[in-house]
Amino acid sequence: MPEGHSLHRLARQIDDVFGGQTVQVTSPQGRFNADAARIDGQQLEQAFAKGKQLFCRFSNDLYLRVHLGLYGAFSFGGDQHFSGASSIGAPRKIGEREVAGEAEHEVYAGPPDPVGAVRARIVSEHGWADLRGPTACEVLDYSQVQIHLGKLGPDPLASAAQAFEAIKSNVDSGSGAATVEAGYKEFHKNLSRTKAAIGITLMNQNVISGVGNIYRAEALFRNKISPELPANQLSARKVRQLWLDIVSVMEDGVRDGKIITTRPEDREPGLPLWPDNAYYVYQRQGMGCRRCAGKISLAEVAARKLYWCPRCQKRPRAK
DNA sequence: CTAGCATGATCAC
DNA sequence: TGATCCTGCTAGC
């Protein structure tokens with residue numbers, strides 16, 4: 001998926017293309033017809049993300065909520081004023097496909113005929129977006145949005161999103177350090193309340209929102225944490241280190257449009273950074289660890305594939 | 001062509 | 001824990 005970094009990029013792009021504009025919202029596929037009609041013709045005031053969910057506020061105080069799930073993706077296009085990724089969301093092979101936009105059309109005749117199952121289509125004067133395959137795509141009022149937001153744990157990208165908003169609206173909102181700190185406290189509190197393994201808990205969106213299967217595996221490796229360790233047994237120091245590291249790698253993900261977690265000194269010379277040198281453990285089962293003589297392991301845990309290095313990520317001995 | 005798979009999450013048992 | 005939903009890419013006939 002679409003882990004959290006993709007959703008934050010998506011929110012930025014939707015803001016870029018549609019922010020403040022009157023938009024037509026339709027459902028070529030038909031499944032979103034009734035809800036689309038509730039926001040069709042309104043202004044899209046603002047888009048934002050929390051965790052893996054996207055929210056767009058419209059001028060009639062209704063909100064679009066989208067969860068891409070495993071398969072969902074947006075594709076974009078527009079006239080010469082449009083530039084940006086042509087696709088954000090589920091890639092169908094390793095890596096995030098965020099192709100550069102197509103701004104070279106001389107004559108813009110509006111969006112193309114819908115191809116495939118387009119759940120939702122948003123069109124403004126200069127651009128369009130098609131949504132396919134989402135797990136959730138619905139229109140909500142403010143109180144319903146609050147319920148969704150309230151269920152989500154702290155988002156490591158909240159401070160980055162806040163800083164971005166501040167720059168955009170030319171307001172000084174500080175460095176975002178306070179938001180990072182508040183996130184850490186909440187994360188720590190949430191971890192301390194669960195006995196489940198950290199490898200499972202990191203995927204729990206109520207505990208921390210936006211981390212998916214890749215960031216889960218990579219963050220545990222980078223911080224030398226065994227996925228089996230019960231979440232409430234991590235020391236405060238370790239939780240803080242883990243949180244700050246996740247903030248850092250996910251901010252890189254927003255910047256790069258793909259997940260790259262390796263440090264330069266751990267990459268294999270002669271191979272391209274992407275995708276060969278992007279990860280420490282994800283999809284590297286059976287291959288040599290980048291940092292020790294061991295081999296990367298793979299196990300199916302809670303129906304998801306978990307990758308880790310048993311040597312670098314030893315479980316502390318029970319006493 | 002089809003089956004299998006994917007960065008997700010929910011629901012039933 | 002397993003079945004289910006949603007889409008589209010790819011490997012393998």
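Order of the sequence lines sets the chain letters (A, B, ...), proteins ahead of strands, with each chain counted from 1.
A perpendicular orientation is assigned to the rings of A/His81 and A/His126, their planes being inclined by more than 60° (bins at 30° and 60°). Between A/Tyr307 and A/Tyr282, the angle of the ring planes goes over 60°, which puts this pair in the perpendicular group of the 30/60° scheme.
When the P atom of B/dA6 is taken as reference, atom CG of A/Leu306 falls 14 Å away, rounded to whole Å. Rounded to a whole Å, the OH atom of A/Tyr71 is 10 Å from the P atom of C/dT7. For the pair A/Phe32 CZ and C/dC6 P, the interatomic distance rounds to 16 Å; values are reported in whole Å. The distance between atom CG of A/Leu298 and atom C1' of B/dA6, rounded to the nearest whole Å, is 14 Å. To the nearest angstrom, C1' of C/dC5 lies 15 Å from CD of A/Glu138. Spacing between atom CE of A/Met203 and atom C1' of B/dA9 amounts to 10 Å, rounded to whole angstrom units. If you take CG of A/Leu70 and C1' of C/dT7, they are 10 Å apart, rounded to a whole angstrom. Separating the CD1 atom of A/Ile214 from the C1' atom of B/dA6 is a distance of 10 Å, rounded to the nearest angstrom.
Regarding contacts with the backbone of C/dG8, a side-chain N or O of A/Arg132 is found under 4.0 angstrom from either OP1 or OP2. Checking the phosphate oxygens (OP1, OP2) of C/dT7, a side-chain nitrogen or oxygen of A/Gln29 falls inside 4.0 Å.
Taking A/Ala197 as the reference, nothing meets the side-chain contact (heavy atoms from CB on, under 4.5 Å) condition, with sequence neighbours excluded.
Screening residues 216-241 of chain A for salt bridge (charged side-chain N to carboxylate O under 4.0 Å, His left out) gives A/Glu181-A/Arg240, A/Arg222-A/Asp245, A/Glu228-A/Arg315 as the qualifying pairs, with residues at least two apart or on separate chains.
C/dC6 and B/dC1 are spaced 24 Å apart, taking the P atom of each and rounding to whole Å. Spacing between B/dC5 and C/dG2 at atom P, rounded to whole Å, works out to 15 Å.
Here the side chain of A/Ala117 is nearest to one of C/dC6, C/dT7, B/dA9, namely C/dT7.
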